[in-house]
Every structure is written in C-alpha cells, then in structure tokens.
2 protein chains.
Amino acid sequence: MEERVARRKSSAERRTEIVSAAAAIFASRGYAAVGMRDIADAVGIRGASLYHHFSSKEEILYAICLTVTQEPVEQNLPLLDAPGTPTERLTTLIGAHIRHLLHRRVEYVVGQHERPALTGEHRADIDQYLHYYNRRVRDVLVAGMRSGEFRELDPGLAALGILDMLNGVSGWIRGEADDDADDVVASHTALVLGGLRA
Amino acid sequence: MEERVARRKSSAERRTEIVSAAAAIFASRGYAAVGMRDIADAVGIRGASLYHHFSSKEEILYAICLTVTQEPVEQNLPLLDAPGTPTERLTTLIGAHIRHLLHRRVEYVVGQHERPALTGEHRADIDQYLHYYNRRVRDVLVAGMRSGEFRELDPGLAALGILDMLNGVSGWIRGEADDDADDVVASHTALVLGGLRA
DNA sequence: CGAGAAACCTAACGATCGATAGGCAGGTGG
DNA sequence: CCACCTGCCTATCGATCGTTAGGTTTCTCG
C-alpha cells in the first residue's frame, strides 16, 4: 500500500487542483449556482480556506477562462507561422484547436458559458485573447484567397463561422483520449475546406 | 400628448413582456446572477407580483428556452418537407434558421448558455426539441449523400458542426433587421455547401 | 351598479451567499 | 530548539436570494 498520511499540499499544487475542480463543477451546474463551499468540498478543505489561494470567486473563474484563451493563443497560433500553404496551415490549426479543446473540455464549456460573469478588467483581458485568435484565423483565410486556394468570401464572417463550429465541439464530444478526436478532426477539416458538395 | 394613465395590462401581455425583459437581462448578466426583483423592475412591478404570472424563476427561463427550441421545430423544419433537392431544402433551412435566430437573438443567447440551469423535466423537454431538430438536419444530409449531391461524410458529425456554426451567430451578430442577416446567410450557406476551397 | 376575479401591493420568512477576522498546527530555516 | 511562515481552521458578518402570506386596487361582466 502506497497510502501515506495526507501530505500538506504546496500552494501551486492546490491552485491547479482548485481550478480544475471548480471547472468541473461550474461546467455541470453553472458558475453562479456553485458556492465557494461546494468548490472547497471538492478539494477537501473548508470554504474560507480558498481565500488563501484566490482573492475571490471570480478570480477562480478568471483562471479557468485564461486556460482556454491564453493557451490556444500561445500554443496553437504559432502553427500558423510555420511554412506551408494557407490550406496546410489552416488544416494544422484545426487539428490543434480541436485537440486542445478536447484536452481542456470542461474549461472550454465554462469559458464559453460564463464569460459574462467576469469583472470588467478580466472580461476585457479574455476578450482580447479571443479577438486576437479570431483575427489570426481571418488572416490565414485572406492569405488563401489571395493565393487563389480559397474562394472569395467575407473573411471575417467565415472566420467567425469556422471558429463557432470548432468551439461548438466542446458541447457534445464524449471521451478525452486523442483517438476520440481523430474522427471529429477529419470530418470538420473536410467540411471547412470542401463543404458538403460532392 | 398621447400619454394616458398607465393601463393595467392583460395576463397574456404581461407574460410575454416578462419573458422578453427577463431574456434581455439573463443574456447580459447570466441567469443565476439576476434576481426576481431585477426582472420585476424592468417591467415596472414588484418582485412578488411575478408569481401571479410564473410559479418560479425557472419557469421564466423555461419559457425563454421554449421559444428557441419549439419555435424552430415548428416553423423551420416544415421547410425540409417542401419539394426540392436536398441542396435546395438545406439552403432554405439555413436561411430560415439564421433569420429566426436574428429575430429572437437574446433568447438564443440565454437558451444556449443557461440550459444546464433548467430542472430535470424542463431540461428533458428542451433537449428533446434540440435532438429532434438535429436529427432532421442529419436526415437531409443523408438524403443528399444518397442522391450524390453531397460528399460522403459522417452525417451526425456534419450536422452537429453545421448547427454549431449557425447557432454561434447569436454570439456576435449586431442589428436585428432582416437586411442585417442577408450577408451572414449568404456567407454561411456558401461555406456549408462549398467550403473554403476555390 | 355591484360583485367577483385578476393584477399588484407590502412585509417578511428562512436559507444561503461571498467574504472577513482571528486562532491553531505543522513544516522549515536559523 | 525555537521563531516563523504558511496552509487551514472555526465562527460569523451583512447582504441578498426565491418564495409565501395576506391585504388593496383595478378591471370586467352580468
């Protein structure tokens, strides 16, 4: 038996533990319907003790939202700078986006549903990441239209439509393994690039 | 001056007034963060008086969710039964879907964000409408694949992707006039049917 | 015009919320 | 070994929540 006396956790450990536990509860019951005591119960401490790690409930929500806006900007967007045609770069991005979303599924659900609950400053921060991500996707569409690979569509509307389709995956996908993503990545990539028409 | 003494409103008028006022507040601040007194203020009555029209706060949310699930089933889906090729019928549906969404924009925002807050029975009702709508869209995709108009894709995944893209419009569209929808309908229809590729 | 229904009111309930104050214990560096 | 910091505790605050009880005003219809 590897059982030990419950070791005291470091601050960094607790923070990530609280964030992921809160994300799971927020995702299933909604941000405002969850109390600090509910979050505390999930990690085995008392409600008031949460304030040693976060200064408010909204700070926890902010941390969750950051992982689904800052991380994609820092991890997915560099793929758009790699060499290759716009088609190849967009294909790579779609795969990375869906796989990241699968990896942080509950956080995406919270981020998409509870953003209006953020404070002004925090809300502005998150919106800035989202807006930048959107702009970079639009830019690769513009590049593809210039090169003649893509049809002439309104690049802003197309980028919004594509991202809505990708982010919507978090609402219905089951499973968390990378294998579970393969079908969705293949289908959505084909749909975005070629549409339904035979 | 047409100003009259404030006339007492009929029950039916008040109900729709409450629902649309509540939808607007729920959309901007979130369901759980809004109190019955906030809704009452918006229609010029006291918090307790709301209970003469709805038996609970959740009943108001349920009424909002119904308008964005029942109405599309009853108004949009019959278009799929009209004569025409799958391409024509899907095109018609996309236009009707986006225009209905534009007409009930705030209600869509609430319906997509606050569905988890519904009670078991009400939640099941709403999910049933959504599931049926999804199935009918998938069916027209299957019909198109059989006729050779559409490529061979997983029809379930494609239907989910297309509906995510259409419903996502409620998150960023501005304006409520039918003219504002024309560009979005044209762009999204082209994207779904033909994809990005030239 | 009068009676009853309908719409709305004031007042208040128990519960629960986010957050604070102050104390206790266990791990750590001098 | 002791002082200290840190992670967590108990206890509690004031505010606000959804909802109910019971009275008052306005409309409607015979």
Side-chain angles (χ1 to χ4, degrees), chain A residues 4-23 25-26 28-64 110 114 116-123, chain B residues 3-23 25-26 28-65 110 114 116-123:
Chain A
R4 307 269 180 96
V5 169
R7 189 175 57 86
R8 205 104 175 220
K9 303 227 171 118
S10 77
S11 188
E13 287 178 293
R14 267 285 192 248
R15 261 189 76 98
T16 64
E17 191 184 0
I18 291 168
V19 168
S20 68
I25 313 180
F26 288 164
S28 67
R29 310 211 335 245
Y31 170 71
V34 174
M36 294 296 272
R37 293 159 180 88
D38 298 323
I39 303 171
D41 284 348
V43 297
I45 62 176
R46 302 288 176 161
S49 303
L50 288 172
Y51 289 87
H52 281 270
H53 303 279
F54 296 90
S55 65
S56 74
K57 182 185 173 188
E58 192 253 5
E59 286 274 356
I60 301 178
L61 178 61
Y62 179 56
I64 296 171
V110 175
E114 313 289 358
L118 285 173
T119 295
E121 288 183 22
H122 289 163
R123 170 81 178 269
Chain B
E3 201 71 24
R4 308 265 180 96
V5 168
R7 189 176 57 86
R8 204 110 177 211
K9 303 227 170 119
S10 78
S11 188
E13 288 178 291
R14 265 288 192 249
R15 262 190 76 98
T16 64
E17 192 184 0
I18 290 169
V19 168
S20 68
I25 313 180
F26 288 164
S28 67
R29 311 210 335 245
Y31 170 71
V34 174
M36 294 296 271
R37 292 159 180 88
D38 297 324
I39 304 171
D41 284 349
V43 298
I45 63 176
R46 302 288 177 161
S49 302
L50 288 172
Y51 289 85
H52 281 269
H53 302 279
F54 295 91
S55 65
S56 75
K57 182 185 174 187
E58 193 253 4
E59 286 273 355
I60 301 179
L61 178 61
Y62 179 56
I64 296 171
C65 290
V110 174
E114 313 290 356
L118 285 173
T119 294
E121 288 184 21
H122 289 163
R123 171 81 177 270

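Below, chain A is the first sequence line, B the second, and so on; all start at residue 1.
- Between the side chain of A:Arg46 and the base of D:dG7, no donor-acceptor pair of N or O atoms lies under 3.5 Å.
- Each of B:Gly44 and A:Val34 was assigned the nucleotide of DNA chain C with the nearest heavy atom; the assignment lying further toward the 5' end belongs to B:Gly44.
- For C:dA7, neither phosphate oxygen OP1 nor OP2 lies less than 4.0 angstrom from any side-chain nitrogen or oxygen of B:Arg14.
- Distance, A:Ile39 CD1 to C:dG18 P: 8 Å, rounded to whole Å.
- Summarising the geometry, the separation between NZ on A:Lys57 and C1' on C:dT20 is reported as 17 Å, rounded to the nearest angstrom.
- Residues B:Val110 and B:Ala23 approach most closely at CG2-O, 3.3 Å, considering heavy atoms.
- Checking the phosphate oxygens (OP1, OP2) of C:dA7, no side-chain nitrogen or oxygen of B:Ser49 falls inside 4.0 Å.
- Contact annotation: B:Ser11 does not reach the phosphate of C:dA6 (side-chain N/O to OP1 or OP2, under 4.0 Å).
- With rounding to whole Å, B:His52 atom NE2 is found 17 Å from D:dG18 atom P.
- Following rounding to the nearest Å, B:Arg37 (CZ) and C:dC13 (P) show an atom-to-atom distance of 14 Å.
- For the pair B:Phe54 CZ and C:dA7 P, the computed distance is 12 Å after rounding to whole Å.
- The NE2 atom of A:His122 lies 4.5 Å from the CD atom of A:Glu59; values are rounded to the nearest 0.5 Å.
- The distance between atom CE of A:Met36 and atom C1' of D:dC8, rounded to the nearest whole Å, is 14 Å.
- B:His53 and B:Arg15 make their closest contact through O-NH1, 3.2 Å (heavy atoms, listed as atom of the first residue, atom of the second, distance).
- Of the side-chain N and O atoms in A:His53, none sit less than 4.0 angstrom from OP1 or OP2 of D:dT6.
- Between A:Tyr31 and A:Phe26, the angle of the ring planes goes over 60°, which puts this pair in the perpendicular group of the 30/60° scheme.
- If you measure from atom CD1 of B:Ile45 to atom C1' of C:dC9, you get 10 Å, rounded to the nearest angstrom.
- The interatomic distance linking B:Tyr51 (OH) with C:dC13 (P) rounds to 17 Å, in whole Å.
- Judged by distance alone, with hydrogens and angles left aside, the side-chain atoms of B:Asp41 form no donor-acceptor pair with the main-chain N or O of B:Asp38 at under 3.5 Å.
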